[in-house]
Amino acid sequence: MAATFFGEVVKAPCRAGTEDEEEEEEGRRETPEDREVRQQLARKREVRLLRRQTKTSLEVSLLEKYPCSKFIIAIGNNAVAFLSSFVMNSGVWEEVGCAKLWNEWCRTTDTTHLSSTEAFCVFYHLKSNPLVFGSCPRKNMQITILTCRHVTDYKTSESTGSLPSPFLRALKTQNFKDSACCPLLEQPNIVHDLPAAVLSYCQVWKIPAILYLCYTDVMKLDLITVEAFKPILSTRSLKGLVKNIPQSTEILKKLMTTNEIQSNIYT
Amino acid sequence: MFVPCGESAPDLAGFTLLMPAVSVGNVGQLAMDLIISTLNMSKIGYFYTDCLVPMVGNNPYATAEGNSTELSINAEVYSLPSRKLVALQLRSIFIKYKSKPFCEKLLSWVKSSGCARVIVLSSSHSYQRNDLQLRSTPFRYLLTPSMQKSVQNKIKSLNWEEMEESRCIPEIDDSEFCIRIPGGGITKTLYDESCSKEIQMAVLLKFVSEGDNIPDALGLVEYLNEWLQIIKPLSDDPTVSASRWKIPSSWRLLFGSGLPPALF
């Protein structure tokens, strides 16, 4: 309980997240109908992998159908912009599937007609790279994850206002033996959400993986933030993947202007 | 599920499992950090589960450049074979409706691993205390029936206070009495399940409020130490207590980054 400035006593939120008493009571009062609703909701929230064009489900796991040695995941608009203008601009990339998901936070319920700005998750495959591993993709695969965080999330003994943002930090699993192109994330900083889920999976199952985290003070699509990812193109795992950097920079600039027009609040 | 770091699962037969409940003030988790850090326990595996919010970071118990880059996830298992101690640390909160499935998975692992007993470090809202509890020590213990048989005498000799029953529904005067641990997270569920599955479990908790809970964590580990004697027993000087436990490097900047000098 806590008293506010207006003299009222309110239930203060517990940072340990223990609102379980309501949960327990809900469990006790749950009727078969409630359980059915709960299960239906759980099914609706399941993540489904689909072939984008035909919208049919992928029968086998994506990596079984398209075994690869490098799997790059970009999460967030700046990371995605980097990947599409720099990496996917070199060579021919073929769209192989997408992940369809829904939860109560989604504003759009129609996930069949996804525009490029709305797409949640699309998988691409580099046509020119020959399939090297047929049967055990997991053993020899390396995963690279790119994402952004706001610079105020970064804990440091100096003030965050004085940090030279945007800047990169990396986190790698035990089995990732190459070096990162930037310093590793210092204690006590942590990462959560999807990048953490992927990295946790890789750490537990001994898959080499590295997360490149760009701390920036601009969370919307921003040229300087996207370009902050450039050092990773010189790392051993991604070297040679990008052929034409000046061309990529041009494409990136075009992407910025298109998005700027779209986000004009007066139109 | 438990996934070992090495090739095979370590033998935990007869070990004591120490674990936190994610509870008010995160006191159990802070206490676990102190134990793992002070005893320099080594990581033996992960408790890989979809019941906890994912999180990763570099080794929270790093002491030097050399050991600071090992990745840690939200649920890890550490051990000290010389003292037959195994520790589970939980670093994030439960996803809604997943706390009960987690308890079931955890207890089934406890049984299959052969651990002799479990000690849960927890806390409860201090504002929910009754008059008697306000006037007494803030520490409480609870034992499952099977645990009572083996340690009752030792606990009696320590003069500890057992957790009292309170009204099941506080607002109703004639409601029944039962054990309630408000703010204790999964503590009550773990306790109830262990009673029915005949697992030897003890719960050690402190009444706390949210805030700077480091002193509460130090208090709770000292309380545990009275029983298990994991480090040298406390002398009469209470000011010595803080320096006996090694504060992990990850406890830096608990209250945020540095301040901009322009503020002053």
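Here is how names work: the chains are called A, B, and so on, in the same order as the sequence lines, proteins then strands, and each is numbered from 1. Values reported hereafter were calculated over all heavy atoms of this structure, with side chains retained and with hydrogens, waters and symmetry mates removed. As the structure is a computational prediction, the values presented were derived from the model and not from experiment.
Taken to the nearest 0.5 Å, the CG atom of B/D50 stands 13.0 Å off from the OH atom of A/Y201. In this structure, CG on A/L199 lies 10.5 Å from CE on B/M55, to the nearest 0.5 angstrom. Here the straight-line distance linking atom CG of B/L71 with atom CD1 of A/I210 works out to 10.5 Å at 0.5 Å rounding. Note that the NZ atom of A/K172 and the OG1 atom of B/T69 stand 6.5 Å from one another [nearest 0.5 Å]. The distance from atom CG of B/N58 to atom CD1 of A/I190, rounded to the nearest 0.5 Å, is 12.0 Å. In this structure, A/H192 NE2 and B/L52 CG are separated by 14.5 Å, a value rounded to the nearest 0.5 Å.
For chain A, no part of B/S72 is nearby; none of its heavy atoms comes within less than 4.5 Å. Contacts of A/K206 with chain B are made by side-chain atoms alone, with heavy-atom separations under 4.5 Å and no backbone atom involved. Only the backbone of B/L259 comes within contact range of chain A, judged by heavy atoms closer than 4.5 Å. Heavy-atom distances place no part of A/S162 under 4.5 Å from chain B, backbone and side chain included. Using a 4.5 Å cut-off between heavy atoms, A/Q203 touches chain B through backbone and side chain atoms alike. Only the backbone of B/P4 comes within contact range of chain A, with at least one heavy atom under 4.5 Å from a heavy atom of that chain.
Other residues, nucleotides and ligands contribute only 12 or fewer heavy atoms inside 6.0 Å of the CD1 atom of A/I224. For A/E36, the CD atom counts as densely surrounded, since its 6.0 Å shell holds more than 12 non-hydrogen atoms of other residues, nucleotides or ligands. Within 6.0 Å of the NZ atom in A/K155, the count of heavy atoms belonging to other residues, nucleotides or ligands does not exceed 12.
The candidate from B/P261, B/P54, B/G45 with the greatest count of non-hydrogen atom pairs under 4.5 Å with chain A is B/P54. Each of A/T160, A/T152, A/V198, A/L171 has some count of heavy-atom pairs under 4.5 Å with chain B, and the biggest count is that of A/L171. The most heavy-atom pairs under 4.5 Å with chain A, out of B/Y46, B/W251, B/F94, come from B/Y46. Options B/P248, B/S68, B/A62, B/S249 differ in how many heavy-atom pairs under 4.5 Å they form with chain A, and the most are formed by B/S68. If you tally non-hydrogen atom pairs under 4.5 Å between each of B/L254, B/L263, B/V56, B/I93 and chain A, the highest count goes to B/V56. Heavy-atom pairs under 4.5 Å with chain B were tallied for A/G161, A/S157, A/P195, A/A197; the largest tally goes to A/S157. Chain B forms the most heavy-atom pairs under 4.5 Å with one residue out of A/V191, A/N189, A/T173, and that residue is A/V191. For the set A/L184, A/T156, A/L185, A/D193, the entry with the most heavy-atom pairs within less than 4.5 Å of chain B is A/T156. With chain A as the partner, the residue from B/V27, B/V53, B/I73 showing the most heavy-atom pairs under 4.5 Å is B/I73.
At distances below 3.5 Å, at least one donor-acceptor pair connects side-chain atoms of A/Q187 with backbone N or O atoms of B/N59. The closest donor-acceptor contact from the side chain of B/S257 to the backbone of A/S159 lies at 3.5 Å or more, if one exists at all.
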